[in-house]
Amino acid sequence: VELCDILYYDETTIYLIHNKYGFTSSIRELTNQILISAKRLRENLGNENPIFLKKIYNSLLEKGRNINELNEEEFINLFKNKKIKFVLAFTSNLTEDLIVEENIDKYISNIAKFSVVECSSEMKINYYDIYFKQIPRI
């Protein structure tokens with residue numbers, strides 16, 4: 001299970017960012033990834049021994065990813081001591097880079113629209129805050 005594509009944190013919050021190109025049916029896959037990740041994280045943080053987070057930490061080390069010189073305990077404490085927010089980030093797949101919120105009628109994928117609504121509901125009820133961010137194509 002992939003925890004996120006990009007992990008970012010500041011003094012108070014940790015952001016688990018998942019991204020995808022296009023507001024198409026591929027958004028369904030992305031919302032499923034977010035829900036699975038949120039469920040695993042919630043379950044893991046409820047355990048005394050957060051095995052899932054330890055595996056993520058070790059995988060990051062093995063892949064040579066930047067971990068800001070955090071040791072395993074510091075990495076795990078990011079999730080225990082900060083507010084957790086998930087972010088669904090995407091770019092437009094239309095020829096003209098239209099903002100989804102203002103031009104929802106131009107985006108034809110009902111699967112994407114439905115998936116975003118369902119994911120938002122389930123996240124708010126069962127897991128963590130979720131934010132949606134359209135990344136402009138420049």
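Below, each value reflects all heavy atoms present in this structure, side chains not excepted, and no hydrogens, waters or symmetry copies.
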Open item on the list: Given 3.5 Å as the limit, does a donor-acceptor pair link the side chain of N68 with the main chain of L70, or not?
Closed with: no
Note: I34 and V87 closest approach over all heavy atoms is CD1-O, 4.5 Å
Distance col, row L7:CG vs N66:CG, nearest 0.5 angstrom, shows 10.5 Å
Is a salt bridge present between K20 and E29, judged by a nitrogen-to-oxygen distance below 4.0 Å? yes
One should read off an interatomic distance between E74 CD and N81 CG, to the nearest 0.5 angstrom, of 11.0 Å
Interatomic distance, CD1@I76 vs CG@L45, rounded to 0.5 Å, equals 9.0 Å
Going by atom types only, do K54 and N49 share a side-chain donor-acceptor pair under 3.5 Å?
-> yes
State, without any angle test, whether N71 and Y57 hold a side-chain donor-acceptor pair at a distance under 3.5 Å. no
Review point. Does E73 offer a backbone N or O that forms a donor-acceptor pair with the side chain of N77 under 3.5 Å?
Key: yes
Between K82 and E11 (side chain of the first, backbone of the second, donor and acceptor by atom type, cut-off under 3.5 Å), is there such a pair?
yes
* side chain to side chain contact (heavy atoms under 4.5 Å, CB included) between L41 and I84, worked out -> CA-CA 10 Å; L41 183 59; I84 298 169; 3.9 Å; yes
Ring geometry between Y15 and Y8 (parallel below 30°, tilted from 30 to 60°, perpendicular above 60°) | tilted
The reported gap from CG in N32 to OG in S115 (rounded to nearest 0.5 angstrom) is 7.0 Å
